[in-house]
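Notes for the one structure printed next.
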Amino acid sequence: MKLAIKILTIATLSTVMLGRTHDAEASVVIAGTRVIYNQSDSEVTVKLTNNGKLPGLVKVWIDKGNPDTAPDTIEVPFAITPSIVRIDPDKSQTLRIMSSGEPLPADRESILYLNVLEVPPKPTGDEADANQLQLAFRSRIKFFYRPSALKGQPESASGQVVWSINPSDAANKIAAFNPSQYFVSFDRIALTDGARTAVFDEGGMVGPGETRVFALTGDILGPGARLHYTAINDYGGPQEGEADLQP
């Protein structure tokens, strides 16, 4: 996933055939692109800010990976306070996220997703009589639960990934194996021999102990090529690195 966190949800509050629409842009934004919840934390906080000109009603929840699951049907070992809140223009709201104590795997990170759904206010005055399209906006970012007993450091996990030509389709794919106990998110992957380059610009994540295959575009090179990547650190910033392509 790219660093942009504003995602237009399919939720539509009213339909329009003629008339004007509000600007298709979320007003309530999340401070950060990911949440890290360490096992030793009693809670973590997330700041929401309304940069718009109108108040917004916000609903917040955590999902397990399926963005289409109804919030009221999801059971996760975390509680959010407040889960529904009104945020006035140029104001902020701090969310408190606390663990319920239910166990998660202790030998690797777990990933969930924090959802922030912004519902615009009901039109009033002249706007109430006009044909309009009102949209609810949903922002969704990664939420990592990090056990205390994990080995190594999360910032070194990207350097441990083993890259190889995918044997099932060596013509345009490479495989990434992550031996660490941490999730590794990539923003860009490029394979080059100095003169030719193949790239993967869509971004992707490799879980602990998992192998993921990336399809590259451009000239595909042999085992002697050098791999360059941009990983995303805990703060949402870029972490550049290089690796050899294994046979």
Side-chain angles (χ1 to χ4, degrees), residues 1-14 22-106 109-124 132-148 183 185 205 207 232 234-236:
M1 186 176 70
K2 295 289 186 179
L3 292 180
I5 61 174
K6 294 180 181 178
I7 304 173
L8 177 62
T9 186
I10 59 174
T12 303
L13 303 183
S14 61
H22 288 295
D23 293 336
E25 182 178 350
S27 297
V28 176
V29 296
I30 307 172
T33 62
R34 60 204 58 228
V35 178
I36 310 296
Y37 196 114
N38 295 296
Q39 184 179 4
S40 59
D41 294 334
S42 59
E43 65 178 47
V44 296
T45 59
V46 177
K47 183 179 180 181
L48 306 180
T49 302
N50 185 352
N51 293 328
K53 299 179 180 180
L54 297 172
L57 181 64
V58 176
K59 180 177 177 61
V60 187
W61 72 95
I62 294 174
D63 72 68
K64 297 180 178 180
N66 183 353
D68 299 324
T69 304
D72 295 339
T73 66
I74 301 173
E75 294 183 4
V76 294
F78 296 95
I80 303 177
T81 303
S83 59
I84 300 178
V85 63
R86 169 188 163 125
I87 306 179
D88 290 326
D90 297 321
K91 299 296 183 180
S92 299
Q93 173 68 48
T94 298
L95 305 176
R96 298 174 59 209
I97 305 177
M98 295 157 285
S99 171
S100 65
E102 297 177 39
L104 286 169
E109 276 189 327
S110 295
I111 184 169
L112 301 96
Y113 293 85
L114 175 67
N115 297 264
V116 175
L117 180 66
E118 174 193 353
V119 180
K122 184 178 180 180
T124 58
Q132 293 196 23
L133 174 67
Q134 287 188 288
L135 300 175
F137 285 84
R138 176 179 173 188
S139 300
R140 186 170 180 262
I141 64 173
K142 295 173 181 175
F143 180 99
F144 296 101
Y145 173 76
R146 186 170 292 167
S148 301
F183 282 87
S185 297
M205 183 172 63
I232 306 300
D234 281 354
Y235 306 99

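Because the structure is predicted, anything quoted here is derived from the model rather than measured.
Within the 4.5 Å cutoff, no side-chain heavy atoms of Lys53 are placed close to those of Pro89. Looking only at side-chain heavy atoms (C-beta outward), Trp61 and Asp72 stay at 4.5 Å or farther from each other. A 4.5 Å side-chain heavy-atom check between Val44 and Ile36 finds every atom pair outside the cut-off. Considering only heavy atoms from C-beta on, Val116 comes within 4.5 Å of Leu48 through its side chain. Annotation: side chain of Met98 is not in contact with side chain of Ser42 (no heavy-atom distance under 4.5 Å). Looking only at side-chain heavy atoms (C-beta outward), Leu112 and Lys142 stay at 4.5 Å or farther from each other. Within the 4.5 Å cutoff, the side chain of Thr45 has heavy atoms near those of the Glu43 side chain. Residues Val60 and Leu117 fail the side-chain proximity criterion, which asks for heavy atoms closer than 4.5 Å.
A side chain to side chain contact (heavy atoms under 4.5 Å, CB included) with Ser27 is found for one member of Asn50, Leu54, Thr49, Ile87 and no other, namely Asn50.
For Ser83, the side-chain hydrogen bond (donor to acceptor under 3.5 Å, both in side chains) criterion is met by no residue, not counting sequence neighbours.
Atom OG in Ser110 sits 10.0 Å away from atom CZ in Phe143 (nearest 0.5 Å). Atom CD1 of Ile141 sits about 7.0 Å away from atom OG1 of Thr33, to the nearest 0.5 Å. The NZ atom of Lys91 lies 13.0 Å from the CG atom of Asn51; values are rounded to the nearest 0.5 Å. Summarising the geometry, atom OG belonging to Ser92 is positioned 9.0 Å from atom CG belonging to Asp90; distances are rounded to the nearest 0.5 Å. Atom CZ of Arg86 sits about 14.5 Å away from atom CD1 of Ile84, to the nearest 0.5 Å. One distance of note links CG of Leu95 with CD1 of Ile30; it measures 8.5 Å at 0.5 Å rounding.
In this structure a side-chain-to-backbone donor-acceptor pair under 3.5 Å is present from Asn115 to Tyr113. The closest donor-acceptor contact from the side chain of Arg96 to the backbone of Ala79 lies at 3.5 Å or more, if one exists at all.
Residue Pro147 comes nearest to Pro105 through the heavy atom pair CG-O, 3.3 Å, listed as atom of the first residue, atom of the second, then distance. What you find for Gln39 and Ser148 is that their closest heavy atoms are OE1-N, 2.9 Å. Smallest separation of non-hydrogen atoms from Val28 and Glu118: N-OE1, 3.0 Å.
Look at Arg146 and Asp41 and you find no salt bridge, because none of the NZ, NE, NH1 or NH2 atoms lies under 4.0 Å from a carboxylate O.
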Residue pair Arg140, Asp63: steps toward the side-chain contact (heavy atoms from CB on, under 4.5 Å) verdict: CA-CA 9 Å; Arg140 186 170 180 262; Asp63 72 68; 2.9 Å; yes

Stepwise side-chain contact (heavy atoms from CB on, under 4.5 Å) test for Val76 and Lys64: CA-CA 7 Å; Val76 294; Lys64 297 180 178 180; 3.8 Å; yes

Verdict with reasoning, Phe144 to Val35, per side-chain contact (heavy atoms from CB on, under 4.5 Å): CA-CA 6 Å; Phe144 296 101; Val35 178; over 6 Å; no

Criterion side-chain contact (heavy atoms from CB on, under 4.5 Å) on Val46 and Thr94, from CA distance to verdict: CA-CA 6 Å; Val46 177; Thr94 298; over 6 Å; no

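Atom CD of Glu102 has more than 12 neighbouring heavy atoms from other residues, nucleotides or ligands inside a 6.0 Å radius.
For Tyr37 and Phe78, the ring centers are positioned less than 6.0 Å apart.
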